[in-house]
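Only one structure is covered here, and it is reproduced in the block below.
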Amino acid sequence: MSDQYVYYFGAGKAEGRAQMKELLGGKGANLAEMTNLDIPVPPGFTISTEVCSLYYKSNRTYPDEVRTQVAENLDRLEKEMGKKLGDKNDPLLVSVRSGAAVSMPGMMDTVLNLGLNSSAVEGIAKNTGNARFAWDAYRRFIQMYGNVVMGVPHDDFEKELNAIKMEKGVKADTELDANDLRKVVSSYMAVYERTVKREFPQDPIEQLWGAINAVFGSWNNERAIKYRTINKIGGLLGTAVNVQSMVYGNWSETSGTGVCFSRDPSTGENYFYGEYLMNAQGEDVVAGIRTPEPLSSLESSNPEVYQQLIGVKERLERHYKDMQDMEFTIQEGRLFLLQTRNGKRTGKAAVKVAVDLVNEEMISRENAVSRITAEQLDQLLHPMISTSVKKTLKAIAKGLEASPGAAVGKVVFSADEAEKWVDRGEKVVLVRSETSPEDIGGMHVAEGILTSTGGMTSHAAVVARGMGKPCVAGCKAIVIDEDAKNFNVDGIIYKEGDFITLDGSDGAVYAGSIELEKPSLGAELNELLSWADEIRHSAKRVGVEDGFMVRTNADLPQDAKLAVDFGAEGIGLTRTEHMFFDEAKLTSFRRMIVAESLQERVDALKPILKLQIEDFRGIFRVMDGKPVTIRLLDPPLHEFVPHSEEEVRELAKGLGTEFGKLMRRIRGLRELNPMLGHRGCRLGITYPEVYDMQVEAIMSAAVSEAKAGIDVRPEIMIPLIGSAAELEVLRANAQKVIERVLNAADVRINYLIGTMIEIPRAALTADIIAPHADFYSFGTNDLTQMTFGFSRDDVGSFIPEYLEKKILSVDPFQTLDASGVGQLVEMGVSKARAVKPTLKAGICGEHGGDPSSIAFCYKANLNYVSCSPYRVPIARLTAAQAVLKAN
Ligand code: ADP
Ligand code: MG
Ligand code: MG
């Protein structure tokens with residue numbers, strides 16, 4: 001740890017810079033950076049995050065050195081400003097602001113106008129000749145200090161304010177004059193004393209430390225902790241505290257405050273976007289109390305400031321090379337910047353901004369690819385209302401298109417209810433007049449969010465965009481009655497539990513549950529993903545010359561088609577058993593399972609052969625020119641037969657056999673632990689005719705399609721191999737069938753025969769098995785099951801507790817356990833390649849679509865990952881990111 005705890009910014013020079021986020025928090029680091037860029041920022045100083053961590057370690061106290069440095073920096077600030085904290089005539093006022101390394105909007109606390117007391121307020125009034133402003137600042141300070149530092153409920157103050165407004169017969173705060181505000185101050189004082197049982201502190205230094213303690217304290221308030229949990233933010237020292245001289249947006253009618261984005265955070269359009277309020281301070285804009293004005297009206301009302309603001313936004317964007325989210329205040333026509341950060345954005349905006357910044361030559365393609373997160377991309381693959389359905393609908397109300405995407409769910413009116421309903425398995429839409437940071441948990445579980453007040457930068461809008469949730473904000477037509485748990489639109493009542501549908505892309509609200517469609521990739525996303533593909537394809541690793549590929553797991557031609565549209569470069573797994581569940585095949589297959597003689601079995605398989613050929617032909621056609629890995633039958637036979645007496649009777653009738661005999665046969669198939677039983681290649685060994693039939697179907701389909709001009713690349717995959725001898729036998733069997741089919745058709749087709757590595761023993765003996773395999777595919781679902789000794793079907797009963805108690809940090813069936821199961825994968829690859837240096841290896845487990853597992857697969861030198869069709873775009877992106885990160 002360094003000896004410096006406090007960092008000054010002011011007089012055109014700062015001790016910090018943008019790179020010091022860990023230490024100064026994002027807000028502090030960027031205030032320093034802006035100061036160094038000569039952008040107008042009110043001077044101040046930042047108390048580092050190290051102090052936050054020291055504060056908690058030493059039982060909420062500070063080392064003396066911290067107090068000394070704060071005093072020194074305050075002194076420096078007072079000198080620069082030519083004002084003193086608590087001065088009777090011309091006092092310095094400061095804000096005390098939180099700010100961690102990762103932005104947590106609205107989660108922690110800030111106090112404005114600190115330094116006011118009953119004599120300073122008079123001083124300001126006299127000195128500025130603006131008594132109204134002075135008393136407005138004071139009442140705001142008492143309220144914020146009371147609430148943030150002493151925990152006096154916000155509403156207790158608001159009630160007093162409303163009473164005075166009512167008495168005067170006005171609606172807006174701005175209609176209160178100095179005298180009214182004086183009254184507000186005295187009733188606020190009474191509220192404060194009633195709750196705190198002490199007088200409001202008059203000593204500015206006591207105020208300052210009270211606020212600093214409160215900001216450090218807010219690091220561990222409930223909502224901040226919850227926010228960090230939801231967003232998986234860990235490993236930070238804490239928050240920094242920024243003490244900054246005040247500028248006043250509430251000074252006069254030529255003063256104001258606002259927030260703006262250098263581009264549209266919802267769509268990514270290069271359009272200067274923001275909202276502001278004149279004669280207002282700080283959080284008035286986001287609090288949704290008054291409806292803010294769009295920036296375009298600032299352009300007409302105050303073109304000079306507007307031009308200045310444009311200049312600043314362009315400089316900041318070019319400097320940070322990213323879309324900026326800024327806070328500004330205008331004091332008497334002068335512009336000040338209070339904050340800048342890389343703006344939170346929807347997935348759609350993230351992609352658009354990244355692609356535009358490349359085209360504007362601000363960033364490289366690699367940089368663009370590394371900026372998009374899997375979650376952002378995931379949002380773009382979420383459901384929407386199709387345009388054809390849209391035409392037939394009539395919205396019950398329209399609000400602001402605050403966060404795109406469609407959401408269907410049952411109406412609930414509180415965050416707590418949302419969490420309860422979702423726990424019961426319901427889908428909900430959270431409907432509130434406006435959300436606040438306490439609602440974060442409910443917002444997280446809701447399908448979408450609807451608010452009746454608040455603008456595009458309101459809490460609901462900002463948070464929803466960050467979470468990628470559809471949100472319609474400021475929908476004034478809906479009148480919410482929270483107590484009665486309903487809302488009213490034009491006289492029609494919608495109750496808790498009623499379905500509604502939101503379209504966050506155009507602000508429409510519909511009654512009922514509307515069917516949604518999956519979207520396709522847009523032009524920008526396609527461009528970005530093509531850059532990701534270039535990065536993947538040019539990656540070179542030992543034993544893998546042709547890049548890092550993305551395949552898909554698809555059992556049906558239509559799934560394969562979808563995956564190809566999403567950019568899949570082959571099929572890594574076709575599960576043939578899914579084809580058997582088709583009614584026509586199922587009966588024949590059951591006949592084969594319960595057959596008593598070889599001949600009976602062979603006969604039963606005949607009708608299936610024809611049907612399977614058709615399945616495979618469809619897939620080969622879609623995958624023209626791309627490899628197709630088809631796995632031979634894997635699951636235990638008993639999965640295909642009925643078990644209840646009634647069903648067995650019916651089957652007996654269908655098969656024309658005797659019930660008792662059939663029942664005995666089915667009982668005989670029962671296994672205690674079927675996933676470790678008679679399945680996979682064990683079926684191939686005991687019933688070779690099943691695998692023979694499947695191989696024949698695959699190759700016959702390949703022959704037919706090849707003759708029709710399709711470039712077929714079959715890869716036959718044998719599951720659940722545990723020893724080389726199994727594969728040796730089954731490979732010989734398959735080859736015999738293949739040669740027979742090819743000779744009969746008189747064509748040559750290149751094919752591969754390989755195996756899954758999913759039993760630990762196979763990984764351990766990968767070098768002994770390799771001579772019999774043309775490729776390996778790691779079946780990491782089974783491999784995880786058998787390495788942990790966790791039955792996949794039963795983990796639900798204990799994994800949640802394991803995760804909660806941190807015995808496991810992640811669910812190993814979701815994210816590949818790199819340190820355990822991963823070793824078997826690495827060992828399998830390297831042992832196999834010691835024998836066959838270019839043996840192709842991939843992964844086809846659920847992990848193939850998981851970003852951190854994909855990164856692992858790259859490092860383990862796998863040729864490809866294979867995942868479900870909808871994960872393919874995410875795999876393309878994250879595979880490229882893995883390549884960039886490794887280089
Ligand atoms: P948050 O992290 O919740 O946005 P901030 O610390 O940014 O909290 O402050 C809340 C509001 O007060 C913002 O609108 C900010 O611009 C404003 N504000 C903070 N410090 C000052 C200051 N010194 N002068 C004027 N406005 C300020
Ligand atoms: Mg802020
Ligand atoms: Mg398996």
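Worth saying up front: this structure is predicted, and the values here are computed from it rather than measured. Residue numbers start at 1 and run along the sequence shown. Order of appearance sets the numbers: ligands from 1, and atoms from 1 within every ligand.
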[Y] side chain reached by [X] side chain, heavy atoms, under 4.5 Å:
X: T435; Y: I449; result: yes
X: Q379; Y: T346; result: yes
X: V241; Y: F216; result: yes

Report the nearest protein non-hydrogen atom to [atom]: residue, atom name, distance rounded to 0.1 Å.
atom: atom 3 (O) of ligand 1; result: E283 OE2, 3.5 Å
atom: atom 17 (C) of ligand 1; result: G282 CA, 3.7 Å
atom: atom 20 (N) of ligand 1; result: S95 OG, 2.9 Å
atom: atom 24 (N) of ligand 1; result: V247 N, 3.2 Å
atom: atom 2 (O) of ligand 1; result: K27 NZ, 2.9 Å
atom: atom 9 (O) of ligand 1; result: T110 CG2, 3.6 Å
atom: atom 15 (C) of ligand 1; result: E327 OE1, 3.0 Å
atom: atom 26 (N) of ligand 1; result: L338 CG, 3.9 Å

- Which protein atoms of type N, O or S are found under 2.8 Å from the Mg ion (ligand 2)?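 Short answer, with waters excluded from the count: E327 OE2, Q339 OE1.
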
- Under 4.0 Å to a heavy atom of L112 - the qualifying atoms of ligand 1, by number: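 Close to L112: 12 (O), 18 (N), 19 (C), 20 (N), 21 (C), 27 (C).
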
- E33 side chain vs R17 backbone, donor-acceptor pair below 3.5 Å: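 Here the side-chain-to-backbone pair does not exist.
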
- Task: Identify, with sequence neighbours excluded, every residue that meets salt bridge (Lys or Arg N to Asp or Glu O under 4.0 Å) alongside D203.
- Result: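 So D203 forms no salt bridge (Lys or Arg N to Asp or Glu O under 4.0 Å) with any residue.
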
- Message: I need the full list of salt bridge (charged side-chain N to carboxylate O under 4.0 Å, His left out) pairs touching residues 112-141, with sequence neighbours left out, sorted by first then second residue.
- Response: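 Matches after skipping sequence neighbours: E122-R182, D136-R139, D136-R140, R139-D173, R140-D284.
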
- Message: Could you check whether F133 and Y248 have their ring centres less than 6.0 Å apart?
- Response: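 They qualify: ring centres under 6.0 Å apart.
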
- Query: Given the side-chain rings of Y192 and F200, with only the six-membered ring counted for Trp, is the space between their centroids under 6.0 Å?
  - Reply: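 Yes - the distance between ring centres of Y192 and F200 falls below the 6.0 Å cut-off.
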
- Does any donor atom in the side chain of S262 or Q324 lie under 3.5 Å from an acceptor atom in the other side chain?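 On atom types as modelled, these side chains do not qualify, holding no pair under 3.5 Å.
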
- Task: Would you tell me whether Q202 and S118 have side-chain atoms, one donor and one acceptor, within less than 3.5 Å of each other?
- Result: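 Yes, because at least one side-chain N or O of Q202 sits under 3.5 Å from a partner of the opposite role on S118.
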
- Message: Counting only nitrogen or oxygen atoms and a 3.5 angstrom limit, does R97 reach ligand 1?
- Response: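 So ligand 1 has an N or O lying under 3.5 Å from an N or O of R97.
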
- Item | Under 3.5 Å: N/O of S245 near N/O of ligand 1 |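 Yes; the residue has a nitrogen or oxygen that sits under 3.5 Å from a nitrogen or oxygen of the ligand.
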
- Message: I'd like to know if M104 contacts ligand 1, where contact means a heavy-atom distance under 4.0 Å to any ligand atom.
- Response: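 Checking ligand 1 against M104, which is what was asked, there is no heavy-atom contact under 4.0 Å.
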
Expected list for residues 300-314: side-chain donor-acceptor pairs under 3.5 angstrom, two or more places apart:
residue : atom : partner : partner atom : Å
S300    : OG   : S297    : O            : 3.1
S301    : OG   : S297    : O            : 3.1

- For the residue pair Y62 and Y55, categorise the inter-ring angle as parallel (less than 30°), tilted (30 to 60°) or perpendicular (more than 60°).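 Parallel: the ring planes of Y62 and Y55 meet at under 30°.
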
- Determine whether the side chain, the backbone, both or neither of Q339 has a heavy atom under 4.0 Å from any heavy atom of ligand 1.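 The answer is the side chain of Q339.
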
